[in-house]
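Notes follow the structure.
Values in this document were obtained by computation on a predicted structure and should not be read as measured data. Numbers here are sequence positions counted from 1. Atoms within each ligand, like the ligands themselves, are counted from 1 in listed order.
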Amino acid sequence: MKAKFIPYNRPLLKGEELLKESIKHYHFMESRRTVREFSTEPVSVEVIENLVMAASTAPSGANKQPWTFCIVINPELKSKIRVEAEKEEYTNYHGRMPQEWLDDLSYLGTDWHKPFLEDAPALIIVFKKSYDLVNGKKKNNYYTTESVGLACGYLLQAIHQCGLVALTHTPSPMNFLIKVLNRPENEKPFLLIPVGYPATDVMVPDIKRKSKEEVLVYY
Ligand SMILES: Cc1cc2nc3c(=O)[nH]c(=O)nc-3n(C[C@H](O)[C@H](O)[C@H](O)COP(=O)(O)O)c2cc1C
């Protein structure tokens, strides 16, 4: 059934003002970096909730919003997740992943140790719902990977906007998270995102982003 339609009211920017805003936003987004060392300084649960709810405003196929965000702040549970993630990562770094993968990651200087899983005050674990379960019946979701990817992008943007930092983490395979967090059968782990303040004097790899010429094509 067609929805009731409501007015869309947002301030419109034009000309110089629009140009200035676009430059400001680009530079702000350019300053975002993945951080792998966190301070143990707490962040209130209310803040984490607001970040998640901002992420949950993302567009999604047929507005199905096919995501669940699990917030883990309990230290014992964080430790359990670290143990399980490090088991997988140890295997990844010791033979499971091909040499090309290790070579592609070498610039990061990462290894199987994942202390940030205990140091960060909150872990946000995003699950993708390939279908919904309504009264035990399966209801289709659409473009779930695209939708959940967008929600995660919104989450990273919100974290950056608030002056906090995040790590997009994929301790693959991530199925251990289903068991540890006791998630239902229709949810698959998508990303594990530690959030918090950066460790004092934290350093990040000096990577280059692709140029306009490399990523942009005009027709
Ligand atoms: C889907 C995805 C998975 C990632 N998984 C990991 C990971 O498991 N461990 C890690 O240290 N970084 C991971 N990253 C972070 C990337 O290494 C990082 O985004 C990239 O080096 C660019 O750096 P920047 O985010 O600072 O621009 C992942 C990023 C994405 C988008």
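- In the hydrophobic clustering of this structure, V126 does not group with L181; members are Ile, Leu, Val, Met, Phe, Trp, Tyr whose side-chain heavy atoms approach within less than 4.5 Å, directly or through other members.
- Nearest-residue assignment for atom 6 (C) of ligand 1 (options T168, L191, L105; heavy-atom criterion): T168.
- Of the protein's non-hydrogen atoms, I207 CD1, 3.3 Å is the one closest to atom 23 (O) of ligand 1.
- Distances below 4.0 Å separate heavy atoms of L167 from the following atoms of ligand 1: 10 (C), 11 (O), 12 (N).
- Using a 4.0 Å cutoff on heavy atoms, V204 does not count as a contact of ligand 1.
- Side-chain N or O atoms of K78 include one that pairs as donor or acceptor with a backbone N or O of A120 at under 3.5 Å.
- In terms of protein heavy atoms, atom 18 (C) of ligand 1 is closest to T34 OG1, 3.7 Å.
- At a 3.5 angstrom cut-off on N or O pairs, R209 counts as close to ligand 1.
- Of the charged side-chain nitrogens involved, at least one lies within less than 4.0 Å of a carboxylate oxygen, so that R183 and E187 count as a salt-bridged pair.
- Below 3.5 Å of separation, one finds an N or O of R32 facing an N or O of ligand 1.
- A donor-acceptor contact shorter than 3.5 Å is absent between the side chain of D111 and the backbone of Y93.
- Screening residues 127-186 for ring pair (Phe, Tyr, Trp, His ring centres under 6.0 Å), with sequence neighbours left out, gives F28-H160, F116-H169.
- Within the 3.5 Å criterion, the main-chain N or O of P115 finds no donor-acceptor partner in the side chain of E118.
- Counting only heavy atoms of the protein, atom 11 (O) of ligand 1 lies nearest to R36 NE, 2.6 Å.
- Near Y107, the atoms of ligand 1 lying under 4.0 angstrom from a non-hydrogen atom of the residue are 17 (O), 20 (C), 21 (O).
- Each of the following atoms of ligand 1 lies closer than 4.0 Å to a heavy atom of R33: 24 (P), 26 (O), 27 (O).
- At least one donor-acceptor pair closer than 3.5 Å links the side chain of N141 to the backbone N or O of K129.
- For residues 24-36, every residue pair satisfying the salt bridge (charged side-chain N to carboxylate O under 4.0 Å, His left out) rule, not counting sequence neighbours, is listed here: E21-K24.
- In this structure a side-chain-to-backbone donor-acceptor pair under 3.5 Å is missing from S56 to V52.
- Of all protein heavy atoms, the one closest to atom 9 (N) of ligand 1 is H169 ND1, 3.6 Å.
- Heavy-atom contacts of T170 reach the following atoms of ligand 1: 3 (C), 4 (C), 5 (N), 6 (C), 7 (C), 8 (O) (cutoff under 4.0 Å).
- Atoms of ligand 1 lying under 4.0 Å from at least one heavy atom of L108, given by number and element, are 17 (O), 21 (O).
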